Amino acid sequence: MTVREIRSDELNELLELYTHLHELGVPENNKHLQDTWLSICDDSNHHIIVCEKNGKIISSCVCVIIPNLTRSVRPYAFIENVVTHSDYRGKGYASACLKFAENLARERNCYKMMLLTGSKSDSTLDFYRNAGYNCDDKTAFIQWL
């Protein structure tokens, strides 16, 4: 198992993995998709972390470092799109991705990491608790656009 940041030539593998998250399929490979991918790849604060096994990307998360003017001008990290291929769940691959993200956030002097989940599943919520996150400190509100 190898945990690392994604390479720019691995977009298709990532999109296939996202079908195990909540996507109904792989988006159309058009100019908007390519421009978005290039923007992500060029953003030094946007990190897509992948776990690879036997040459296949099997788990991933996104870690975005957000510059901040409070907390002694320390940034914070936001975690999104935590996913593991359904054939590989429960083996610690997503935990390894989150640990990589935590180390990255510490290196960048972040004062906190946050994530949201829409899951109500006890196993998912326990997974995040076991990874060091809590749901007691903050209340999340979402406005869908």
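As the structure is a computational prediction, the values presented were derived from the model and not from experiment.
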Does S86 use its side chain to pair, donor to acceptor, with the backbone of H20 at less than 3.5 Å?
-> no

Separation of T36 OG1 from N30 CG (nearest 0.5 Å) | 8.5 Å

Under the 3.5 angstrom rule, does the side chain of D43 hit a backbone N or O of S39 as a donor-acceptor pair?
-> no

Just wondering, do L98 and F127 contact through their side chains at under 4.5 Å, heavy atoms?
-> yes

With N134 via side-chain contact (heavy atoms from CB on, under 4.5 Å) - residues at least two apart = D136, D137

In this structure, CE of M114 is separated from OH of Y76 (nearest 0.5 Å) by 5.0 Å

Between CD on residue E52 and CD1 on residue I57, distance to nearest 0.5 Å = 6.5 Å

Shortest non-hydrogen contact from F100 to E5?
-> CE2-CG, 3.9 Å

What's the verdict on side-chain contact (heavy atoms from CB on, under 4.5 Å) for L115 and E80, showing C-alpha distance, side-chain angles and the deciding distance?
-> CA-CA 6 Å; L115 65 81; E80 185 63 68; over 6 Å; no

Between V82 and I48, is there a shared hydrophobic cluster once you connect ILVMFWY residues whose side-chain heavy atoms come closer than 4.5 Å?
-> no

Shortest non-hydrogen contact from Y88 to Y93?
-> O-CD1, 3.3 Å

Heavy atoms, side chains only, cut-off 4.5 Å: are N68 and V73 in contact?
-> no

Quick check: does any side chain N or O of H32 sit under 3.5 Å from a backbone N or O of N29, one acting as donor and the other as acceptor?
-> no

Cluster link I66 to I79, ILVMFWY, side chain under 4.5 Å | no

Is it the case that one hydrophobic cluster holds both L15 and V50, taking links as side-chain heavy atoms less than 4.5 Å apart, direct or via other members?
-> yes

Would you indicate whether the side-chain heavy atoms of I65 and F78 approach each other to under 4.5 Å?
-> no

What pairs of residues pass the salt bridge (Lys or Arg N to Asp or Glu O under 4.0 Å) test when at least one of them lies in residues 87-111, not counting sequence neighbours?
-> K99-E102, E102-R106

Between V64 and I142, is there a shared hydrophobic cluster once you connect ILVMFWY residues whose side-chain heavy atoms come closer than 4.5 Å?
-> yes

Can L11 be reached from L21 by stepping across I, L, V, M, F, W or Y side chains whose heavy atoms are under 4.5 Å apart?
-> yes

Between R129 and C135, what is the shortest heavy-atom contact and its length?
-> NH2-SG, 4.0 Å

Sequence neighbours excluded, which residues qualify as side-chain contact (heavy atoms from CB on, under 4.5 Å) partners of S121?
-> S119, S123, T124

Side-chain contact, heavy-atom cut-off 4.5 Å: L125 with K120?
-> no

Where the side chain of E13 meets the backbone of E10, is there a donor-acceptor pair that is under 3.5 Å apart?
-> no

Above 12 or not: heavy atoms from other molecules or residues under 6.0 Å from NZ of K53?
-> no

Would a 4.5 Å heavy-atom cut-off, applied to side chains only, mark I49 and V62 as touching?
-> no

Working to the nearest 0.5 Å, report the span between CD of Q143 and CG of L145.
-> 5.5 Å

Distance in Å, D35 CG paired with I40 CD1, rounded so as to fall on 0.5 Å steps = 11.0 Å

Within-4.5 Å side-chain heavy-atom neighbours: I58 and L17 | no

What are the two closest non-hydrogen atoms of C110 and R74, and how far apart are they?
-> O-NH2, 3.1 Å

Distance from D9 atom CG to W37 atom CH2, nearest 0.5 Å?
-> 9.0 Å

Nearest heavy atoms of C61 and C97, plus distance in Å | SG-O, 3.8 Å

Does any non-hydrogen side-chain atom of C51 lie less than 4.5 Å from one of M1?
-> yes

Does a side-chain heavy-atom distance below 4.5 Å link N81 with S60?
-> no

Answer yes when K56 and E16 have at least one side-chain N-carboxylate O distance shorter than 4.0 Å, and no when they do not.
-> no

